[in-house]
Amino acid sequence: MVEASLETPFFHRAHAGTRTSRLFTDLNAWMLKILLLRRLPERYWSGPRDEIDNPTRLARVAGVANQTAHSFFKAFEELGFLRYTRAHGVKIVRPRELLDLWLANERQNPAVYTHARSVFGQFEGLPALKRRSEVGLFAVGALDACRRHGVLHTAADNTPTIFTDVDIGLLVWKWDLEFCGRADAQLLLANTRQRESVFRGAVQIDGIPIVDILQAALDVASFPSRGLEQAEFVVERILANWKP
């Protein structure tokens with residue numbers, strides 16, 4: 001898989017000056033996931049599975065404003081990633097190139113992680129944390145999500161990574177954790193920049209919310225140790241199960 005870039009001639013021709021950070025906003029990512037993942041098995045994706053007849057229908061299914069859906073469609077249509085016809089509705093085209101570009105964007109905008117461990121020394125596991133206190137939204141992501149989805153390809157460290165929409169300090173306190181260095185970390189914690197696209201398609205595995213399979217790939221794309229290799233492996237699995 002080749003890492004995509006807006007510097008390639010295709011992207012200059014298609015939409016000169018467009019920036020990936022503006023393409024892959026939270027709501028754009030959410031709508032892309034609906035179009036890309038709606039026919040994957042439920043163990044990978046819990047979001048909408050509706051047929052998308054037109055951009056207005058996409059707005060209703062995604063729960064976004066009509067203008068947001070139409071702007072999204074226009075931007076990705078101009079880049080050659082979306083197509084609309086009366087006969088077939090809204091369809092993703094060139095999915096591999098789209099996912100390459102998305103992974104490249106994630107590599108340029110990595111999450112910032114906080115390292116934490118249990119104040120009791122021994123980590124009781126995620127089910128115990130979930131029972132201890134319900135604190136906002138959270139979901140397991142990155143390498144541990146890949147493992148739970150059955151797509152862990154590399155032997156890299158898979159310390160559980162938790163994405164949340166609440167203050168990290170509050171989560172640490174409620175879950176009886178303490179901050180620590182990377183070497184002692186039993187958990188990696190991060191505030192997600194994309195609340196809708198991360199949490200709305202998350203699945204439940206063994207009673208724990210796990211990010212969707214595509215989000216797991218996006219999470220690891222920027223990891224320094226074989227992260228891109230792992231992300232590309234997951235993308236290949238998605239494309240093998242993908243239907244337009």
Side-chain angles (χ1 to χ4, degrees), residues 1-38 45 47-48 52 54-84 89-113 137 139 141-142 163-165 190-202 211-223 227-228 231-232 234-235 238-239 242:
M1 182 179 294
V2 178
E3 184 170 316
S5 169
L6 287 182
E7 299 306 313
T8 62
F10 170 82
F11 290 107
H12 277 303
R13 291 196 305 269
H15 201 285
T18 299
R19 305 294 297 179
T20 55
S21 59
R22 296 178 60 187
L23 281 175
F24 298 107
T25 63
D26 187 11
L27 291 181
N28 281 2
W30 168 236
M31 288 183 280
L32 280 175
K33 285 184 178 181
I34 292 173
L35 294 171
L36 281 163
L37 305 182
R38 60 195 176 89
W45 164 253
I52 307 300
N54 52 56
T56 300
R57 173 66 174 166
L58 176 60
R60 290 198 296 269
V61 170
V64 303
N66 277 342
Q67 182 178 354
T68 300
H70 282 269
S71 296
F72 157 81
F73 177 79
K74 180 180 179 182
F76 284 90
E77 182 187 40
E78 289 180 353
L79 284 171
F81 293 130
L82 283 183
R83 182 178 300 150
Y84 166 66
V90 176
K91 300 294 183 184
I92 294 280
V93 291
R94 302 171 53 250
R96 182 181 298 277
E97 290 87 346
L98 171 60
L99 290 170
D100 280 348
L101 184 62
W102 202 344
L103 292 180
N105 178 71
E106 292 301 310
R107 287 172 60 80
Q108 294 167 7
N109 299 280
V112 177
Y113 296 100
L137 292 173
F163 291 96
T164 181
D165 69 339
N191 285 124
T192 178
R193 301 183 301 269
Q194 299 195 319
R195 185 179 187 274
E196 301 299 318
S197 62
V198 168
F199 296 122
R200 290 181 69 175
V211 300
D212 64 77
I213 190 171
L214 174 52
Q215 187 61 47
L218 297 171
D219 293 343
V220 301
S222 63
F223 280 23
L228 183 58
E232 290 176 344
V234 177
V235 164
I238 292 170
L239 292 173
W242 183 75

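Every heavy atom of this structure was used, including side-chain atoms; hydrogens, water molecules and symmetry mates were not. Note that the structure is predicted; figures quoted are calculated from it, not measured.
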Visitor: Looking only at heavy atoms, which two atoms of R94 and L79 are closest? And how far apart?
Guide: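 R94 and L79 have their closest heavy atoms at NH1-O, 3.4 Å.
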
Visitor: Evaluate the side-chain proximity of L35 to I52: yes if any heavy-atom separation is below 4.5 Å, no if none is.
Guide: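 They are in contact (side-chain heavy atoms under 4.5 Å apart), so the answer is yes.
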
Visitor: Is the shortest heavy-atom distance from the side chain of L218 to the side chain of N105 under 4.5 Å?
Guide: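 The answer is no; the side chains never approach within 4.5 Å.
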
Visitor: Heavy-atom distance under 4.5 Å between the side chains of L32 and L37, does that happen here?
Guide: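 No - every pair of side-chain heavy atoms lies 4.5 Å or more apart.
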
Visitor: With a 4.5 Å cut-off on side-chain heavy atoms, are F199 and V211 touching?
Guide: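 No; the side chains remain at least 4.5 Å from each other.
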
Visitor: Restricting to non-hydrogen atoms, name the atom on A65 and the atom on A59 that form the minimum distance, rounded to 0.1 Å.
Guide: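 Heavy atoms of A65 and A59 come nearest at O-CB, 4.0 Å.
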
Visitor: Please find the pair of heavy atoms, one from A217 and one from L103, that lie closest to each other, and give the distance.
Guide: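 What the structure gives for the nearest pair is O-CD2, 4.0 Å.
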
Visitor: What distance separates R60 CZ from N66 CG, expressed to the nearest 0.5 Å?
Guide: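 Here the interatomic distance stands at 8.0 Å.
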
Visitor: State, to 0.1 Å, how close L214 and L99 come at their nearest heavy-atom pair, and which atoms those are.
Guide: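 Looks like CD1-CD2, 3.8 Å.
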
Visitor: Indicate yes or no: at least one non-hydrogen side-chain atom of L98 is less than 4.5 angstrom from one of F76.
Guide: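 Counting from C-beta outward, L98 and F76 do come under 4.5 Å.
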
Visitor: Could you tell me which non-hydrogen atom of R107 sits nearest to which non-hydrogen atom of A221, and how far apart they are?
Guide: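 Of all heavy-atom pairs spanning R107 and A221, the closest is NH1-O, 2.8 Å.
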
Visitor: Under a 3.5 Å distance rule, please check whether R57 uses its side chain to pair with a backbone N or O of V90 as donor and acceptor.
Guide: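 Such a contact is absent between R57 side chain and V90 backbone.
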
Visitor: Check side-chain contact (heavy atoms from CB on, under 4.5 Å) between S71 and all other residues, then give those that pass, not counting sequence neighbours.
Guide: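 In terms of side-chain contact (heavy atoms from CB on, under 4.5 Å), with neighbours along the sequence ignored, S71 is linked to Q67.
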
Visitor: Nearest 0.5 Å, what's the CZ-CD1 distance between R38 and I92?
Guide: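 Result: 9.5 Å between the selected atoms.
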
Visitor: Please tell me if the side chains of F163 and D219 come closer than 4.5 Å, counting only heavy atoms from C-beta onward.
Guide: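 SC-SC contact between F163 and D219 confirmed.
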
Visitor: State, with a plain yes or no, whether a side-chain heavy atom of P55 is found less than 4.5 Å away from one of H70.
Guide: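 Yes, side chains in contact.
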
Visitor: Please indicate whether R83 has more than 12 foreign heavy atoms, meaning atoms of other residues, nucleotides or ligands, lying under 6.0 Å from its CZ.
Guide: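 Count not over threshold, so no.
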
Visitor: Sort out for me which residue in L58, L36, T25 forms a side-chain contact (heavy atoms from CB on, under 4.5 Å) with M31.
Guide: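 The residue from L58, L36, T25 that satisfies side-chain contact (heavy atoms from CB on, under 4.5 Å) with M31 turns out to be L58.
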
Visitor: Where do A62 and W30 come nearest, in terms of heavy atoms and distance?
Guide: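 Minimum heavy-atom contact is O-NE1, 2.9 Å.
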
Visitor: Are W45 and W242 close enough that their ring centers fall under 6.0 Å?
Guide: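 Between W45 and W242, the centre distance exceeds or equals 6.0 Å.
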
Visitor: Looking at T192, D26, N28, which one forms a side-chain hydrogen bond (donor to acceptor under 3.5 Å, both in side chains) with S197?
Guide: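 Checked T192, D26, N28 against S197; only one passes side-chain hydrogen bond (donor to acceptor under 3.5 Å, both in side chains): D26.
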
Visitor: Would you compute the distance between atom CG of D165 and atom CG of L137 and round it to the nearest 0.5 angstrom?
Guide: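 D165 atom CG to L137 atom CG measures 4.5 Å (nearest 0.5 Å).
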
Visitor: Check whether Q194 reaches the backbone of F24 with its side chain - one donor and one acceptor, N or O, closer than 3.5 Å.
Guide: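 Side chain of Q194 to backbone of F24, a donor-acceptor pair under 3.5 Å: yes, one is there.
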
Visitor: Are the side chains of L101 and F81 in touch, meaning some heavy atoms are under 4.5 Å apart?
Guide: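 Side chain of L101 against side chain of F81, heavy atoms only: contact under 4.5 Å found.
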
Visitor: Less than 4.0 angstrom from a charged side-chain N to a carboxylate O is my criterion; do K33 and D212 meet it?
Guide: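 Counted as a salt bridge, because a side-chain N and a carboxylate O are separated by less than 4.0 Å.
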
